[in-house]
Amino acid sequence: MINTIQELLRTSLELKGYPQPDKVMVARTKQESFGNYSTTLAMELSKTLKRPPLEVAQEIVSALPTNPAITKVEIIAPGFINFFLSPQFLQKVVAEINQAGANYGRSTVGKGQRVQVEFVSANPTGPLTVGHGRQAVLGDTIARILSWCGYQVEREYYYNDAGRQTRVLGHSVYYRYRQLLGYSEEFPEDYYQGDYIKEIAKKIKDEYGARFANDADNPIFKQAAEEAIFADIRKTLARLDIVFDSYYNEKSLYDDGRVNAVLRRFAELGVSYERDGAIWFRAGQYGGTADRVLWKSVVDEATYRLPDIAYHTTKFERGYDLIIDIFGADHHATYPDVLAGLRALGYDVSRIKVLIHQFVTLTQGGEKVKMSTRRATYVTLDELIDEVGKDVVRYFFLMRGMKSHLNFDLQLAKTEGEENPVFYLQYAHARIASILRKAQHLQIALTAEPDLSLLNEPETLALLNALTEFSEVIAICLNTLEPQHLTVYLTKLATSFHKFYTEHRVISDNLPLSQARLALVKAVQIVMANGLHLLGVAAPEKM
RNA sequence: GCCCCGAUAGCUCAAGUGGAUAGAGCAUCUGCCUUCUAAGCAGAGGGUUACAGGUUCGAGUCCUGUUCGGGGUACCA
């Protein structure tokens, strides 16, 4: 409908000989009294035309072609042009929704293009925390939206298993293992303190006894830790209905020679150089902030940038049309270097979209707690799911914009859980289910062609209006890659439904009206269910 | 020091690219269940959108500065 109105306005501008702006802005109104859509076009043009906006608005409206969907066009000071949709147009949406069912709102704008969404990517050094939860839910929901809009989506989890972090992890297990064997050395403070390390150590001891007592660098420690921790991570993610298509590890980039290949190519291209025994990348010349070390001199190994660049070359080689990287704020300074590296190698970096989300600040009784996997000061995602359940966890994170620093207090989480707005949405869905059950019980059939013209009370028209907005919201979510618009919308839809529900009985003695209203609430249920599905939240039949 | 993100009701957060009277939930207070689910609805109170300037028809939104918070700024990831 927005497109239609834009076309009408463009036609009017042409008839009047007014200049055509690049974008004719048409937006939903905030208030019912302003109609369904409005444009600020007249106010924008008033400057270039050097005429008062109200006059411009008059002129535009006078040349506006008529359209059956629009009953009224109103001009309001200082120059808004408001459009009112006809009841007939609004009523039609009920039939469309019921016909499309679970597919209502899907689109094909993605044209089957392949998208990779990389997220979570937490190194397997400990359980996922509440902080990871935000990214996990955000990434998964973005993937769901892309897939819903016709993209072919793959979820990927990348992890580092070649650097110092995993070395420390292996040694942490080794020390616990030694302790279990009766050796009494101190456990180093900067090693992983969590109890899960002890459990892994115990398993090794149970299986192999003291065989590795003096073999700190035996790969078994690292491997056992990785395996055990990853098993837990997968389990936690599965509880949130998040399943990755692929896991990609850093080590393989060394094994298959990609890291060296990048290094060689950089040298050939002259974008790297040696200084002080280290190999540097001229990142500054390719959009980075400054030149960066790729290969260290103090230790014979790469910095994280090099494998990161190598990793991203595989994303291009794997042929994705769109590459989405979701990072926490701590990666903010590093990704420009990766992009610079890819640019230097000649890749089209515009295919990469980097989404940076802010952290979750953990508080406990008002005091800020610094989360650290190393020191085992964290609230695990599992604990949170235990406490409030999957739906609340997902919704809790999706309600917030990714740029907001959000505060999280576990003490508050439980009450937040009980009062969470997600139930408001689910309740609307369940209430409708209950009505439909009753209709079935009374053997009132859902007619294929109910008389939708009976749907014309103010609350009903407002509800219809909300229904027509769904596909617009999906489009916004796709363009911005910000799912929280959908949560805001679904709340609006639920409010609209609950108001309708308290004002009007669906099932009554009036059969045609009952059938029309049944079709309406069924449509609301479908949109609610589809929306909740996109958020990965359950749509219950009963509560 | 420099860079990025933020600061909105008592609390947690919203507010497509600058638009109309800044909105929800929680908390507080007042009404509404013989009816398809009261996990609901109606209403009240609560705001100098951190502060000071600027841009313009119009600023929570854009620009400059200040204060406070988070994250970076490494041959850590």
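For clarity, every value in this text was computed on a predicted model and none was experimentally measured. Convention: sequence-line order gives letters A, B, ...; per-chain numbering from 1. Side chains are part of it too, since the values below use all heavy atoms of this structure and drop only hydrogens, waters and symmetry mates.
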Write down the distance between [atom1] ([X]) and [atom2] ([N]), rounded to a whole number of angstrom.
X        : N     : atom1 : atom2 : answer
A/Tyr273 : B/C75 : OH    : C1'   : 13 Å
A/His504 : B/A42 : NE2   : P     : 12 Å
A/Glu74  : B/A20 : CD    : P     : 17 Å

* Structure fact -> Whichever of A/Asn160 and A/Thr40 has the more 5' nearest nucleotide on RNA chain B, that residue is A/Thr40
* Structure fact -> Between A/His498 and A/Ala77, the residue closer to the 5' end of RNA chain B by nearest nucleotide is A/Ala77
Taking the side chain of [X] as heavy atoms from C-beta outward, which of [options] is closest to it?
X        : options             : value
A/Gln31  : B/G6, B/A74, B/A20  : B/A20
A/Met25  : B/A77, B/U17, B/C75 : B/U17
A/Ser297 : B/G72, B/C75, B/A15 : B/C75
A/His331 : B/A77, B/C13, B/A20 : B/A77
A/Gln484 : B/A14, B/C36, B/A77 : B/A14

Establish, yes or no, whether a centroid distance under 6.0 Å links the rings of [X] and [Y].
X        : Y        : answer
A/Tyr311 : A/Tyr158 : yes
A/Phe230 : A/Tyr159 : yes
A/His331 : A/Tyr335 : no
A/Phe266 : A/Phe281 : yes
A/Phe327 : A/His357 : no

Indicate whether OP1 or OP2 belonging to [N] is found under 4.0 Å from a side-chain N or O atom of [X].
X        : N     : result
A/Lys403 : B/G6  : yes
A/Tyr427 : B/A39 : yes
A/Lys47  : B/U56 : no

* **Side-chain donor/acceptor contact of A/Asn82 with base of B/A20 under 3.5 Å** => yes
* Asked: Between the side-chain atoms of A/Ser38 and the base atoms of B/A20, is any donor-acceptor pair under 3.5 Å?
  -> yes
Output one line per pair: protein atom, nucleotide atom from nucleotides 66-69 of chain B, and distance, for all N/O pairs under 3.5 Å.
residue	atom	partner	partner atom	Å
B/G69	N2	A/His405	NE2	3.1

Using the [atom1] atom as the point on both nucleotides, what is the distance between [M] and [N], in whole Å?
N     : M     : atom1 : result
B/G71 : B/A9  : C1'   : 28 Å
B/G1  : B/G40 : P     : 49 Å
B/U55 : B/G10 : P     : 32 Å

* To do: Answer yes or no for this row: A/Tyr424 ring on B/G25 base, centroids under 5.5 Å, planes under 30°.
  => no
* What is the pairing partner of B/G6, taking Watson-Crick or G-U wobble pairs with both distances under 3.5 Å in any strand? -> B/C68
* Asked: Is the side chain of A/Thr313 donor-acceptor paired with the backbone N or O of A/Ala310 at a distance under 3.5 Å, no angle test?
  -> yes
* Output, in order, the C-alpha distance, side-chain angles, deciding distance and verdict of salt bridge (Lys or Arg N to Asp or Glu O under 4.0 Å) for A/Arg282 and A/Asp291. => CA-CA 5 Å; A/Arg282 300 182 199 278; A/Asp291 288 4; 5.0 Å; no
